[in-house]
Asker: 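Pasting a structure below so you can have a look.
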Amino acid sequence: MLDPKIIKEKPELIRKMLKDRNSDFDLDSLISLDAKRRELIIKTDELRKKKNTVSVEIAQKKKSGQDASSAIAQMQQASQELITLEEEQKKTDSDYEKLILTIPNFIHESVPIGQDETANLEIRKFGAIPQFDFSVKDHIDISQNLDLVDLERAAKTAGARFYYLKNGLVRLNQALIHFALDYLEQKQYVLVQPPYMINQKSMEGAIIAQDFQDVIYKIQDEDLFLIGTSEHSIASMHSDEILEGKDLPIRYAGVSPCFRKEAGAHGRDQKGIFRVHQFEKIEQYVFARPEESWKEHERMLAVAEEFYQKLEIPYRVMLLSSGDMGKISAKTYDIEAWMAGQNAYREIVSCSNCLDFQTRRLKIRFRDKTNEQTQYMHSLNSTLVATTRTLVAIMENFQTKDGHIGIPKALQKYLGSSAI
RNA sequence: GCAGAGGUCGCCUAGCUCGGUAGGGCGCGGGCCUUGAGAGCCUGUGUGCGCAAGCACCCGGGGGUUCAAAUCCCUCUCUCUGCGCCA
């Protein structure tokens with residue numbers, strides 16, 4: 001959510017952002033609803049003031065034994081008027097609220113303006129692309145040959161985009177999680193295993209309504225939604241709280257399964273475990289002081305890059321364009337890992353600064369002294385590792401001529417072996 | 001799941017029986033006093049609208065009764081205690 005004051009005072013900033021995002025958001029409706037909302041506040045406040053005055057009068061008259069009936073009549077009339085106005089106000093407020101929650105976030109000045117991913121900028125590359133003296137397989141062939149993944153039976157029991165991991169890949173998945181947790185803990189992150197289901201209010205704090213439909217699974221007859229990432233749980237963890245400035249930044253390492261509908265992804269990455277409904281993810285989630293959030297953003301990216309360097313996975317860092325970026329992010333870097341079986345770089349990390357967009361929705365504030373004005377802090381999130389995609393990268397990049405999989409040195413002690 | 005007790009301003013607490021402007025303490029800010037510090041005293045301390053003066057709102061959420069609700073009624077939710085069930 002954006003600051004209502006900025007929308008009111010500098011609508012031209014919002015218009016530019018909407019244009020850069022190719023958004024068809026109806027700003028004029030929002031502005032007129034806001035005007036109507038404020039007009040109603042003034043009117044109802046006046047009526048309440050009248051009621052308060054008359055109420056005191058009634059109390060005094062009753063106390064001294066005078067007749068209060070004319071004052072009571074006034075009171076009844078004012079109450080009636082107020083009920084009508086309050087209904088209108090409720091409706092206006094709710095319309096306004098719905099609309100303001102769907103405006104996308106501001107865009108940082110360093111973000112390239114463009115329609116889609118073709119306008120993304122490559123920032124840097126790391127690692128040499130592996131060369132093979134045999135014909136390269138993709139992760140589907142490799143995992144089928146080694147009995148590491150059963151997609152057919154998963155399709156039978158759950159549907160497309162599900163999988164049974166088996167044998168060494170179960171261990172490798174756990175090894176990645178274990179390694180990632182050790183890595184972030186050593187960097188002083190607070191480890192968090194959050195609720196895997198959260199209520200609607202919390203979910204709305206973390207994402208924009210329309211994403212519900214495309215991404216989020218709902219639990220039947222309960223006010224509960226399966227999280228799409230631990231970001232959703234951790235964002236709302238401090239909702240309605242006022243934290244102490246001295247505690248910032250707070251860096252969380254979230255570990256959880258992630259559940260995604262992947263609606264609208266028909267046909268893309270249809271096979272294998274690259275794009276699935278369920279996977280494990282270790283996430284960086286940071287609450288920072290506003291003036292430090294851009295520094296934190298670069299820091300989180302560096303933490304993620306170092307992780308893939310340790311895993312010996314070649315990657316490139318992309319700066320997403322205004323048209324390719326998520327609505328809640330002001331700036332997003334993606335890390336794309338080289339995947340030998342696809343002969344391409346594919347997204348494995350997304351690192352975003354959301355400014356005060358989430359914290360404003362969730363009322364997460366801080367202050368340095370108890371009587372100081374509170375401020376919204378900034379929130380940032382970045383993948384450290386989404387296990388299935390990294391498993392794909394390892395399987396494809398570390399495949400051997402005899403059809404097995406080598407293991408990156410950093411993972412060997414967690415796996416207990418150097419090959420699968 | 002059942003029963004009981006609770007949720008009041010950043011924190012603690014009074015007020016609820018019997019409806020009439022939510023009081024006190026702590027913490028923190030500003031001021032007075034002081035050579036300085038401390039103590040003491042004064043004052044401020046959440047949200048909204050407004051250029052401002054100021055006004056309105058805020059007692060876990062929602063609804064009801066009433067001229068008027070922290071207070072009475074209903075409902076939901078969370079916490080605690082006991083019982084039950086359970087990996």
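Note that this is a predicted model, so its numbers are computed, not measured. Order of the sequence lines fixes the chain letters, A, B, ..., with proteins taken first and strands second; residue numbering starts at 1 for each chain.
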Asker: Can a donor-acceptor pair be found, under 3.5 Å and without considering hydrogens, that links the side chain of Asn120(A) to the backbone of Leu320(A)?
Answerer: no
Asker: The side chain of Ile242(A) is closest to which nucleotide in this list: A68(B), G10(B), A56(B)?
Answerer: G10(B)
Asker: Is the distance between the ring centroids of His378(A) and Trp294(A) under 6.0 Å?
Answerer: no
Asker: Of the nucleotides A68(B), C57(B), G63(B), which has the atom closest to the Arg48(A) side chain?
Answerer: C57(B)
Asker: Among C49(B), A68(B), G20(B), which is the nearest nucleotide to the side chain of Arg37(A)?
Answerer: C49(B)
Asker: Can you tell which of G48(B), G50(B), A68(B) lies closest to the side chain of Asp45(A)?
Answerer: G48(B)
Asker: Which nucleotide sits closest to the side chain of Ile58(A): A68(B), G20(B), G50(B)?
Answerer: G20(B)
Asker: Please compare Pro4(A) and Lys50(A) by the position of their nearest nucleotide in RNA chain B and report the one closer to 5'.
Answerer: Pro4(A)
Asker: Can you tell me, in whole Å, how much space there is between the P of U81(B) and that of G23(B)?
Answerer: 34 Å
Asker: Between Arg251(A) and Glu296(A), is there a salt bridge with N-O shorter than 4.0 Å?
Answerer: yes
Asker: Between Lys363(A) and Asp240(A), is there a salt bridge with N-O shorter than 4.0 Å?
Answerer: no
Asker: Is it the case that Arg389(A) places NZ or CZ above or below the six-membered ring of Phe274(A), under 6.0 angstrom from the centre and within 45 degrees of the axis?
Answerer: yes
Asker: Within the structure shown, what part of the strands sits under 4.0 Å from Lys246(A) by heavy-atom distance: base, sugar-phosphate, or nothing?
Answerer: nothing
Asker: Where the side chain of Ile41(A) is defined as all heavy atoms beyond and including C-beta, which of A68(B), G48(B), G20(B) is the nearest nucleotide?
Answerer: G48(B)
Asker: Look at all strands and tell whether Ile42(A) reaches a base, only sugar-phosphate, or nothing, counting heavy atoms closer than 4.0 Å.
Answerer: sugar-phosphate
Asker: Using modelled atom types and a 3.5 Å cut-off, is there a donor and acceptor pairing between side-chain atoms of Arg37(A) and backbone atoms of Asp95(A)?
Answerer: no
Asker: Rounded to whole angstrom, note down the P distance from C72(B) over to G20(B).
Answerer: 11 Å
Asker: Name the nucleic acid region contacted by Lys201(A), choosing base, sugar-phosphate or nothing; use a 4.0 angstrom heavy-atom cut-off, strictly under.
Answerer: nothing
Asker: Can you tell me which nucleotide in G20(B), G50(B), A56(B) comes closest to the side chain of Arg38(A)?
Answerer: G50(B)
Asker: Pick the nucleotide of RNA chain B nearest each of Thr44(A) and Ser79(A); which residue has the one closer to the 5' end?
Answerer: Thr44(A)
Asker: Where the side chain of Thr383(A) meets the backbone of Val385(A), is there a donor-acceptor pair that is under 3.5 Å apart?
Answerer: no
Asker: Please, what dot-bracket string fits RNA chain B when only Watson-Crick and G-U pairs with both distances under 3.5 Å count, crossing ones use [ ] and pairs to another strand use |?
Answerer: ((((((((.[[[[.)....(..]]]]((((((.......))))))((((....))))..[[[[[..)....]]]]])))))))....
Asker: If I take atom NZ in residue Lys49(A) and atom C1' in nucleotide C49(B), what distance separates them, rounded to the nearest angstrom?
Answerer: 13 Å
Asker: Just to be sure I understand the rule, does Thr374(A) reach a base, reach only the sugar-phosphate, or reach nothing, if contact means heavy atoms closer than 4.0 Å?
Answerer: sugar-phosphate
